[in-house]
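Presented below is the structure to which this report refers.
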Amino acid sequence: MIEVRDLHDWPTTEAEAVAIQERLRPLVRTDGEPAEVRTAAGLDVDYRESADELVAAVTVLDVATASVVDSAVVRGRTDFPYVPGLFAFREAPALIRALQELAVVPDVLVCDGQGLAHPRRFGLACHLGVLTDLPAIGVGKTPMSHYDPPGEKRGDWTPLDMDGDEVGRALRTRTGVKPVFVSIGHRYALQPACDLVLRLTPNYRLPETTRTADRLGRQST
DNA sequence: GCGACAG
DNA sequence: ATCTTGTCGC
């Protein structure tokens with residue numbers, strides 16, 4: 001089962017949350033790549049009930065076949081508001097509970113949001129990666145950083161720039177479709193992360209992991 | 001000062 | 001995230 005490191009309590013105020021991000025930021029490992037990625041977890045949160053009632057869904061896919069080999073759903077509440085840059089403090093607690101219910105430990109967490117492509121270089125993917133010490137990457141639908149549009153072909157990419165740092169890539173997963181925004185979460189280098197995202201997007205813009213997790217959360221009212 | 005700002 | 005009509009394309 002997945003062990004979660006006890007690195008902090010969940011904060012109430014924005015100032016506490018920012019302090020936690022700055023304290024944990026040095027723990028991120030920006031290198032590495034699993035020897036073999038056989039399974040990948042997709043994580044997603046739904047808010048269908050109300051603004052503070054959420055459903056966290058995790059699916060583990062066999063990457064080769066795109067079949068779901070394990071999953072978990074957790075219902076929860078949040079009092080932490082949606083604040084861009086403090087996203088993890090809203091979604092991570094429930095996602096972590098869902099991760100702890102998995103029987104299969106995935107080779108990588110594919111998170112719905114940013115990793116290093118974050119104002120303090122510590123987005124949701126970094127946070128979940130550091131707390132579980134599992135390899136993790138972030139795949140966002142909307143960027144927080146500047147980028148020049150990549151070429152129109154699947155596989156084309158341009159760097160994501162934030163304050164002069166290359167914090168990730170705008171990656172075209174489908175020809176002629178808006179790119180996704182890939183960044184390092186933990187223990188997974190950027191090039192392998194983009195390779196994995198392309199493996200997970202044979203048919204759609206978003207990774208199969210994200211899609212199955214999204215459907216699971218949506219179905220479990 | 002004002003707008004923009006992952007989901 | 002969610003609220004929503006029509007439209008284009010495979």
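First the proteins, then the strands, lettered A, B, ... as listed; each starts at 1.
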Student check: side-chain heavy atoms of [X] and [Y] closer than 4.5 Å:
{"X": "A:V58", "Y": "A:L102", "result": "yes"}
{"X": "A:E14", "Y": "A:V83", "result": "yes"}
{"X": "A:D133", "Y": "A:R5", "result": "yes"}

Mind listing the N/O atom pairs, protein and nucleotides 3-6 of chain B, below 3.5 Å?
| from | atom 1 | to | atom 2 | distance (Å) |
| --- | --- | --- | --- | --- |
| B:dA6 | OP2 | A:Y82 | OH | 2.5 |
| B:dA6 | N7 | A:G85 | N | 2.9 |
| B:dA6 | N6 | A:G85 | O | 3.2 |
| B:dA6 | N6 | A:F87 | N | 3.1 |
| B:dA6 | N6 | A:H118 | NE2 | 3.4 |
| B:dA6 | N1 | A:L124 | N | 3.1 |
| B:dA6 | N3 | A:Q114 | N | 3.1 |

d(CG, A:L54; P, C:dT2) in whole Å: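 Rounded to whole Å, this separation is 12 Å.
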Between C:dT2 (C1') and A:D214 (CG): distance, integer Å: 12 Å
Name all residues meeting the salt bridge (Lys or Arg N to Asp or Glu O under 4.0 Å) criterion together with [X]; count only those two or more places apart in sequence or in a different chain, and write none if there are none.
{"X": "A:D214", "value": "A:R218"}
{"X": "A:R215", "value": "none"}
{"X": "A:K178", "value": "none"}

With sequence neighbours left out, which residue pairs that include part of [range] fulfil the ring pair (Phe, Tyr, Trp, His ring centres under 6.0 Å) condition?
{"range": "residues 150-200 of chain A", "value": "A:Y147-A:F181"}
{"range": "residues 43-67 of chain A", "value": "none"}
{"range": "residues 97-129 of chain A", "value": "A:H8-A:H127, A:W10-A:H127, A:F89-A:H127, A:F122-A:H127"}

Donor + acceptor pair across side chains of A:R169, A:Q191 (<3.5 Å):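 Present: a donor and an acceptor within the cut-off.
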Pairing string, 5' to 3', for DNA chain C - Watson-Crick or wobble contacts under 3.5 Å, brackets [ ] where pairs cross, | to another strand: ..........
Indicate yes or no: does [X] engage [Y] in a salt bridge with an N to O separation below 4.0 Å.
{"X": "A:R172", "Y": "A:E152", "answer": "yes"}
{"X": "A:R211", "Y": "A:D44", "answer": "no"}
{"X": "A:R187", "Y": "A:D31", "answer": "no"}

Sub-4.0 Å heavy-atom contacts from residues 176-192 of chain A onto DNA chain B, ordered by number: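 Correct list: empty, so none.
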Residue pair A:T201, A:R154: steps toward the side chain to side chain donor-acceptor pair (under 3.5 Å) verdict: CA-CA 10 Å; A:T201 53; A:R154 165 172 156 88; 3.1 Å; yes
Cluster companions of A:L61 among Ile, Leu, Val, Met, Phe, Trp, Tyr (side-chain spacing under 4.5 Å):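 Besides A:L61, the hydrophobic cluster comprises A:V68, listed by chain and residue number.
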Stem regions touching DNA chain B, defined by at least 3 consecutive Watson-Crick or wobble G-U pairs below 3.5 angstrom: none
With 3.5 Å as the limit, what N/O pairs link the protein to nucleotides 4-10 of chain C?
none

